[in-house]
Amino acid sequence: MEGVRAVAARDWGEIEVAWKTHSIPVVSTSDWERIDPETPAPDVLIDAILAKRNLGTRRDEARLVIALGPGFTAGV
């Protein structure tokens, strides 16, 4: 992923700034839970939480949801 920049984002405004600067916004679980559900959904959501089970990631949270680790089944 050379040349790809990721930045921490804590709210919708910081997510938009990341997109405008061609960066990938990285949002913690606690910050994601605080973001207003009425805001537009992201195109892609990647759940890379290090947990032994799914902590609530759903397929309908984005057009493409990628989840890594135990507790996830492709297509479910």
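The model shown is predicted, which means the values in this text are computed figures rather than measured ones. Just so it is clear, the values below take in all heavy atoms, side chains as well, and ignore hydrogens, waters and symmetry mates.
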Practice prompt. Answer yes if Ile24 and Leu64 sit in the same cluster of Ile, Leu, Val, Met, Phe, Trp and Tyr residues linked by side chain heavy atoms under 4.5 Å apart, and no otherwise.
Written response: no
Worksheet item: Can you name the residues that form a salt bridge (Lys or Arg N to Asp or Glu O under 4.0 Å) with Arg10, not counting sequence neighbours?
Response: Glu14
Fill in: Flag side-chain contact, heavy atom, 4.5 Å: Phe72 against Thr57
yes
Response to the item:
For Thr21 and Arg5, the nearest pair of non-hydrogen atoms, with its separation, is OG1-NH1, 4.4 Å
Practice prompt. Answer yes or no: is there a side-chain heavy-atom contact under 4.5 Å between Val27 and Ile15?
Written response: yes
Worksheet item: Distance from Arg63 atom CZ to Leu45 atom CG, nearest 0.5 Å?
Response: 13.5 Å
Worksheet item: So which residues get pulled into Val26's cluster when ILVMFWY side chains under 4.5 Å apart are joined, directly or through others?
Response: none
Worksheet item: Looking at Val65 and Arg58, what are the two nearest heavy atoms and their distance?
Response: CG2-O, 3.6 Å
Discussion item. Please find the pair of heavy atoms, one from Pro25 and one from Ala9, that lie closest to each other, and give the distance.
Written reply: CB-CB, 4.0 Å
Item to complete: Find the distance between CD1 (Ile66) and CG (Asp47) and round it off to the nearest 0.5 Å.
Response: 11.0 Å
